[in-house]
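Here the structure is a predicted model, which means the values were calculated and not measured. In what follows, every chain begins at residue 1, and chains take the letters A, B, ... in the order their sequences are listed.
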2 protein chains.
Amino acid sequence: MARRKSTIDETCPVARSVDVIGDRWSLLIVRDAFDGVSRFGDFQRSLGVARNILSERLRRLVEADILETRPASDGTAYQEYVLTAKGESLFPVVVALRQWGEQYLFSHSEQHSILMDKATGQPIPYMTPQSGDGSAVTSSETVVKKLP
Amino acid sequence: MARRKSTIDETCPVARSVDVIGDRWSLLIVRDAFDGVSRFGDFQRSLGVARNILSERLRRLVEADILETRPASDGTAYQEYVLTAKGESLFPVVVALRQWGEQYLFSHSEQHSILMDKATGQPIPYMTPQSGDGSAVTSSETVVKKLP
DNA sequence: CCAACCAGTTTTAAATCAAAACCAATGGAG
DNA sequence: CTCCATTGGTTTTGATTTAAAACTGGTTGG
């Protein structure tokens, strides 16, 4: 590509988020991390991503404080990658993408995975933005305000 | 790049979603569309994206049934791009990205925009996955189940 | 101690991207 | 009606990124 125009001066939160995790692999790495994957080789096998790309993405995610490294919990000398609090906060993003995909990207007959509540065994209902009183709001009922 | 490995056979909804909108521009185009932008030139000026890239992305989004074209509402012979129902359904994704960005990607003193409820003038509360009874659930309280 | 494994890094070729030039159709001024 | 600026792209051309595979060096198991 020509040099990527950095959106670092962007005042839109969506643009900044996309700048950090808006590529083909970062969100899938985060998804796997939510799923308990933590080792380099496990990410690599799970995603089928090239190792150099995985290496660079993991480094970026660690730099962005979304993942952190620590000594492997299984006693080996290797390290593992785990979500930070900032990374855990991406849960709604991953769930929103998952639910949208569930609704629109599978043919009716096609099987796909769904997100369940461990406690009740019921599917997690579709997430939606809500007003202060808990009622759902649509995009046309909201407006983006620039703070002064 | 070497040829992109298509994730079309992927059974994970997150992977399919990322395959459709997981690039630097598509989600920003959708965000602008939520904001009322509909004309080629307006997207181009708003995003600062190269025109050929914008053209290709708009075509992809139309093919994916996220946007659709129709005659411009202002009487000119040009066309405009508007969100379909499928595109409107990306609202939770955009809001989740926005809210994560608001929380983590701005220094405390830095100004940024926030999403408000038009009716009440109050900020939209942070979205979170909920259990069937409306209580928030964390990632560790959920599990991904593959349907048979 | 040796072989297999893990976690990367380097190398190389292909694909994509960004910028700018180019082009056709539209619309507005006079 | 004519000229010219605007709109909405497409084409061309390098720069950059990506993917795949080969390579490296420490680790672990036998």
Across all chains, not counting sequence neighbours, the salt bridge (charged side-chain N to carboxylate O under 4.0 Å, His left out) partners of A:Arg51 are none

Contacts of B:Asp32 meeting salt bridge (charged side-chain N to carboxylate O under 4.0 Å, His left out) (sequence neighbours excluded), chain-then-number -> none

Q: Please work out if A:Tyr81 contacts a base, only the sugar-phosphate, or nothing of the nucleic acid, heavy-atom cut-off 4.0 Å.
A: sugar-phosphate

With sequence neighbours left out, the residues meeting side-chain contact (heavy atoms from CB on, under 4.5 Å) with B:Ala136 are B:Thr128

Going 5' to 3' through nucleotides 25-30 of chain C and flagging B where a protein heavy-atom sits under 4.0 Å of the base, S where only the sugar-phosphate is that close, and - otherwise, we get -BS---

Candidates [options] - which lies nearest the side chain of [X]:
X: B:Ile53; options: C:dC17, D:dG9, C:dA20; value: C:dC17
X: A:Arg39; options: C:dA19, C:dT10, C:dA7; value: C:dA7
X: B:Phe40; options: D:dA19, C:dA18, D:dG8; value: D:dG8

N or O in side chain of [X] less than 4.0 angstrom from [N] OP1/OP2:
X: A:Arg57; N: D:dT18; answer: yes
X: A:Gln44; N: C:dC6; answer: no
X: B:Ser55; N: D:dG9; answer: no
X: A:Arg51; N: D:dA20; answer: no
X: A:Trp25; N: D:dT18; answer: no

Separation of [X] atom [atom1] from [N] atom [atom2], in whole Å?
X: A:Leu47; N: D:dT18; atom1: CG; atom2: C1'; result: 15 Å
X: A:Arg59; N: C:dG8; atom1: CZ; atom2: P; result: 9 Å
X: A:Leu54; N: C:dC6; atom1: CG; atom2: P; result: 14 Å
X: A:Asn52; N: D:dT17; atom1: CG; atom2: P; result: 13 Å
X: B:Ile29; N: D:dG9; atom1: CD1; atom2: P; result: 12 Å
X: A:Glu80; N: C:dC6; atom1: CD; atom2: C1'; result: 14 Å
X: A:Leu58; N: C:dA7; atom1: CG; atom2: P; result: 11 Å

**Asked** Are A:Arg45 and A:Asp42 close enough for a salt bridge, meaning some N to O gap below 4.0 Å?
**Response** yes

Residues passing the ring pair (Phe, Tyr, Trp, His ring centres under 6.0 Å) test with B:Phe91, sequence neighbours excluded, are B:Phe34

Residues 40-80 of chain B vs ring pair (Phe, Tyr, Trp, His ring centres under 6.0 Å), sequence neighbours excluded, gives none

Q | B:Met127 vs B:Pro92 side-chain heavy atoms within contact, under 4.5 Å | A | yes

Of B:Glu56 and B:Arg45, the one whose closest nucleotide on DNA chain D sits nearer the 5' end is B:Arg45

